[in-house]
Number of protein chains: 2
Amino acid sequence: MTYSIGQVAEKTGLSTYTLRYYDREGLMPFVKRTPSGRREFTDDNLDFLDLITCLKDTGMQLSEIRHFVELAMQGDSTLETRLNIFKQQQQAVHDQIAQAKQHLAKLDYKVRFFTAACDAGTEAAVSGDCELPGQPIVIDESLRVKKAHPRLNSF
Amino acid sequence: MTYSIGQVAEKTGLSTYTLRYYDREGLMPFVKRTPSGRREFTDDNLDFLDLITCLKDTGMQLSEIRHFVELAMQGDSTLETRLNIFKQQQQAVHDQIAQAKQHLAKLDYKVRFFTAACDAGTEAAVSGDCELPGQPIVIDESLRVKKAHPRLNSF
DNA sequence: CTAATAGTTAGAGTGTACGCTAACTCAAGC
DNA sequence: GCTTGAGTTAGCGTACACTCTAACTATTAG
């Protein structure tokens, strides 16, 4: 089974522009052509494209991916180099997840803070917009704003 | 305590170019100036800048961040809108982490696969480069390559 | 046979987020 | 008062990853 560039675009969500661009950039030297010059993607090609997408989505630049593809085309002599690339990328994703979790802690705090602020009607009543994500949120009742909640039948 | 743009650059790791760029783009309308026009960052400013960095690093575009900053400058009337922005970004980071974990599973599989391939000396001996991350890696011993491990004293 | 559809290349254009330079001003130390 | 270093704006340049156009060719349905 083979696929045209349009079918691959549909399957992967990448545009045909992007697929041709990747090909031009040397990311897909393995894709064969019909006698008239059209690209014919195999299932193996799609698997490899999936790997390329994985590398790209985890922050690898296209130039680095091209380098990896070149190594892969050279066969078994580059096995160790490729293993090291995967190990490196594995570590990179670990770091990314750790960073994302830190950002998430901050956002969690902000959600708690602004939920309290919405409740109080004002930021001023909510204690400490500080960097400690575990800090309890406290509302100063004396600063609470009596909010005229707009209602559908309010006039 | 206030900080010059150079001190802020050192503290945050952002370049002075970037800080001025952010200011021009309306991301820091809260930073005051000395009579001669120099920026004076307060500790509160640094906290807010930290939040901006958090939003940017979690994928929010500068134009969206500017919108958020504009809302923040408008005060309590935009509390709910800002809460919703944080909730949305919180969800976005959850999704990012989930995606990163999927990518990581793939990379973990690749590391196991190429570790086996390095051991066997050839990719051909290793079973199924398939998409199942839990698949056990098997080496076909009949295809194993006797590798002449280069030694320091090998000649 | 023809029209519609989908493919091809070369190359120009776009959006985002900076990075850098030029020309200038300001503040502090000697 | 003069040098040094750090600040200022305006605006041009750049890297990356697309995105699209033009001009053309090939395949397929009727």
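In the text below, chain A, chain B and the rest are named by the order of the sequence lines, each starting its count at 1.
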- Task: Would you mind reading off the distance between A:Glu25 atom CD and D:dT19 atom P, rounded to a whole angstrom?
- Result: 14 Å
- Query: Just checking, is any N or O donor in the side chain of A:Thr18 or A:Ser15 under 3.5 Å from an acceptor N or O on the other one?
  - Reply: yes
- Do nucleotides 17-22 of chain C as a string where each nucleotide becomes B, S or -: B if the base has a protein heavy atom under 4.0 Å, S if just the sugar-phosphate does, - if no protein is that close. BBSBB-
- Item | Length of the CE-P vector between A:Met28 and C:dT8, whole Å | 10 Å
- Atom CD1 of A:Ile52 to atom C1' of D:dA17: distance rounded to whole Å? 15 Å
- For B:Arg39, report the nucleic acid contact type (base, sugar-phosphate, nothing); a contact means any heavy atom under 4.0 Å. sugar-phosphate
- Nearest whole angstrom, please: distance from the C1' of C:dT16 to the CG of B:Leu27. 13 Å
- Item | All pairs passing ring pair (Phe, Tyr, Trp, His ring centres under 6.0 Å) where residues 34-67 of chain A contributes a residue, at least two apart | A:Phe30-A:Phe48
- Report yes if the distance between the aromatic ring centroids of A:Phe68 and A:Phe86 is under 6.0 Å, otherwise no. yes
- Query: Can you check whether A:Ser4 has a side-chain N or O nearer than 4.0 Å to OP1 or OP2 of C:dG7?
  - Reply: yes
- Determine whether the side chains of A:Asp95 and A:Gln91 contain a donor N or O and an acceptor N or O closer than 3.5 Å. yes
- Between B:Glu40 and B:Thr34, is any side-chain donor less than 3.5 angstrom from a side-chain acceptor? no
- For A:Asp57 and D:dC16, give me the distance from atom CG to atom C1', rounded to whole Å. 15 Å
- Task: Rounded off to whole Å, could you give me the CZ-to-C1' distance for the A:Arg20 and D:dA23 pair?
- Result: 14 Å
- Task: Give the rounded distance in Å between these two atoms: CG of B:Asp23 and C1' of D:dG7.
- Result: 13 Å
- Please determine which of B:Lys32, B:Arg66, B:Arg33 meets the salt bridge (Lys or Arg N to Asp or Glu O under 4.0 Å) test together with B:Asp23. B:Arg33
- Task: State, without any angle test, whether A:Tyr3 and A:Asn45 hold a side-chain donor-acceptor pair at a distance under 3.5 Å.
- Result: no
- So how far is it from B:Lys110 NZ to A:Leu51 CG, rounded to the nearest 0.5 Å? 5.0 Å
- A correct 5'-to-3' footprint of nucleotides 25-30 of chain D, with B, S and - meaning base, sugar-phosphate only and no protein heavy atom under 4.0 Å, is -BS---
- Query: Among A:Leu49, A:Ile52, A:Ile5, which one satisfies side-chain contact (heavy atoms from CB on, under 4.5 Å) with A:Leu14?
  - Reply: A:Leu49
- Task: Could you state the atom-to-atom distance from CG of A:Leu19 to P of D:dA17 in whole Å?
- Result: 15 Å
